[in-house]
Amino acid sequence: MELASRGFLVAAIEHRDGSACAAYHFSEGDASSSLQEIWVPYKRVQPGMKEFYLRNYQIHQRASECVRAVRILEDIDKGRQVCNNMDSDFRLDSLKDRIDFNRVAVMGHSFGGATALLSLVKDNIFKCAVVLDAWMFPLEDTSYQYIQKPILLINTASFQTGESIQKIKRMNSGGADLKYLTVKGCVHQTQTDLAFLTGYLANKIMGPQATMDPLQCLKIHVAFSLDFLHKYLDLASCVPMLEDLKEVIQAQVICGFPIRNDSKL
């Protein structure tokens with residue numbers, strides 16, 4: 001919402017790979033046919049199944065869906081009819097000739113963070129990526145050498161392992177501009193809207209609690225993301241938010257990966 005309020009067109013993708021607890025999409029069809037809901041159930045790792053192969057298959061599907069989302073936006077920008085869409089008062093034709101495809105970035109959290117990294121390889125239309133606490137496990141080793149675009153990685157204090165950190169650092173072998181930050185006082189879920197839930201249920205979902213005010217954490221992530229996007233998408237306007245948060249950033253943000261744990265993530 002913050003990015004959209006600043007002039008970005010944001011496509012928030014609901015993936016069909018089975019990694020979500022539940023998701024659905026409409027059946028494909030032409031304008032004359034009625035659309036049917038098709039539910040995508042959660043895919044569990046079955047006994048004896050190698051988890052990497054399932055997750056790797058899923059991440060490739062997710063990255064391909066990111067590319068497909070851009071293709072659909074290109075159709076909308078050219079005024080072509082998009083048949084498979086939900087009922088809405090918003091007129092898609094209002095976006096005709098309004099989208100700048102020379103300035104396309106991809107952004108994601110956790111599994112979505114790794115998806116954003118792979119999307120950089122899938123299609124050159126993505127100029128850079130903002131990655132929040134990426135879950136590196138699903139990415140195959142051969143993909144790292146091709147990830148050579150500007151990347152901002154914002155991590156929380158306890159999620160990344162030594163192994164995943166080494167994977168992230170390998171992406172810089174080609175000389176790409178790779179910036180990684182660690183925000184102290186935040187946990188993995190603080191980077192999502194779940195951080196703003198309260199009560200018993202929220203505590204059960206969130207697990208370990210952050211020590212930083214979630215609103216302050218959000219402001220830090222927004223400020224660094226906007227600063228990075230303005231730089232690498234060649235946007236003219238400046239972002240004063242980093243200067244406004246200077247004291248908080250000095251106290252809570254570390255350049256690099258100073259903290260490691262023994263998690264299997």
Side-chain angles (χ1 to χ4, degrees), residues 17 19 44-45 48-60 62-63 106-122 126 128-192 194-195 205-212 214 216-218 220-221 224-225 228 232 248-265:
D17 63 318
S19 60
R44 297 184 180 277
V45 179
M49 179 186 295
K50 294 287 188 180
E51 183 176 5
F52 172 79
Y53 296 113
L54 171 61
R55 301 308 185 195
N56 183 254
Y57 175 84
Q58 288 177 323
I59 198 173
H60 276 271
R62 293 161 67 97
V106 59
M107 184 175 185
H109 170 254
S110 195
F111 205 170
T115 301
L117 292 173
L118 187 59
S119 297
L120 294 177
V121 179
K122 290 280 187 182
F126 299 111
C128 60
V130 176
V131 177
L132 310 180
D133 241 2
W135 184 37
M136 302 298 291
F137 172 75
L139 281 171
E140 66 269 31
D141 290 342
T142 55
S143 64
Y144 295 105
Q145 61 182 310
Y146 299 107
I147 303 176
Q148 297 183 10
K149 296 178 182 178
I151 303 167
L152 170 65
L153 297 109
I154 308 178
N155 301 293
T156 57
S158 60
F159 182 74
Q160 299 296 339
T161 66
E163 183 180 358
S164 63
I165 289 170
Q166 292 306 313
K167 288 183 176 181
I168 291 171
K169 289 182 176 180
R170 284 168 56 193
M171 293 187 299
N172 203 25
S173 60
D177 194 347
L178 177 65
K179 182 177 182 179
Y180 37 82
L181 308 170
T182 298
V183 183
K184 298 186 294 184
C186 292
V187 296
H188 191 60
Q189 299 296 349
T190 314
Q191 296 175 321
T192 73
L194 286 174
I205 296 173
M206 288 284 290
Q209 295 296 299
T211 57
M212 181 189 291
Q216 198 77 291
C217 181
L218 176 65
I220 290 174
H221 283 74
F224 275 107
S225 298
F228 176 83
Y232 289 103
V248 177
I249 290 172
Q250 287 178 341
Q252 300 292 341
V253 179
I254 302 171
C255 292
F257 300 98
I259 302 172
R260 299 183 182 183
N261 60 40
D262 297 322
S263 165
K264 293 184 179 180
L265 291 172

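Just so you know, these numbers use all the heavy atoms, side chains as well, and skip hydrogens, waters and symmetry mates. As the structure is a computational prediction, the values presented were derived from the model and not from experiment. Quick note: residue numbers are just sequence positions, from 1.
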Side-chain heavy atoms of [X] within contact of [Y], under 4.5 Å:
X    : Y    : answer
C186 : Q191 : no
I220 : M212 : yes
D133 : N155 : yes
S119 : T115 : yes
I154 : S225 : yes

Residue pair [X] / [Y]: nearest heavy atoms and the distance that separates them:
X    : Y    : value
I59  : A114 : CD1-CB, 3.5 Å
Q58  : S19  : NE2-N, 3.7 Å
A129 : L120 : CB-CD1, 3.8 Å
V130 : F228 : CG2-CD2, 3.7 Å
A116 : V131 : CB-CG2, 4.4 Å

From [X] [atom1] over to [Y] [atom2], what is the distance, rounded to the nearest 0.5 angstrom?
X    : Y    : atom1 : atom2 : value
K149 : L117 : NZ    : CG    : 11.5 Å
M136 : Q166 : CE    : CD    : 11.0 Å
L132 : F224 : CG    : CZ    : 12.5 Å
N56  : L139 : CG    : CG    : 7.5 Å
L118 : I147 : CG    : CD1   : 7.0 Å
H109 : H221 : NE2   : NE2   : 8.0 Å

State whether the number of non-hydrogen atoms from other residues, nucleotides or ligands found under 6.0 Å of F52 atom CZ is greater than 12.
-> yes
Could you pull out all residues at least two apart from E51 that satisfy salt bridge (charged side-chain N to carboxylate O under 4.0 Å, His left out)?
-> R55
Just by distance, do the side chain of [X] and the backbone of [Y] share a donor-acceptor pair under 3.5 Å?
X    : Y    : result
Q160 : A134 : yes
D17  : R62  : no
T182 : G256 : yes

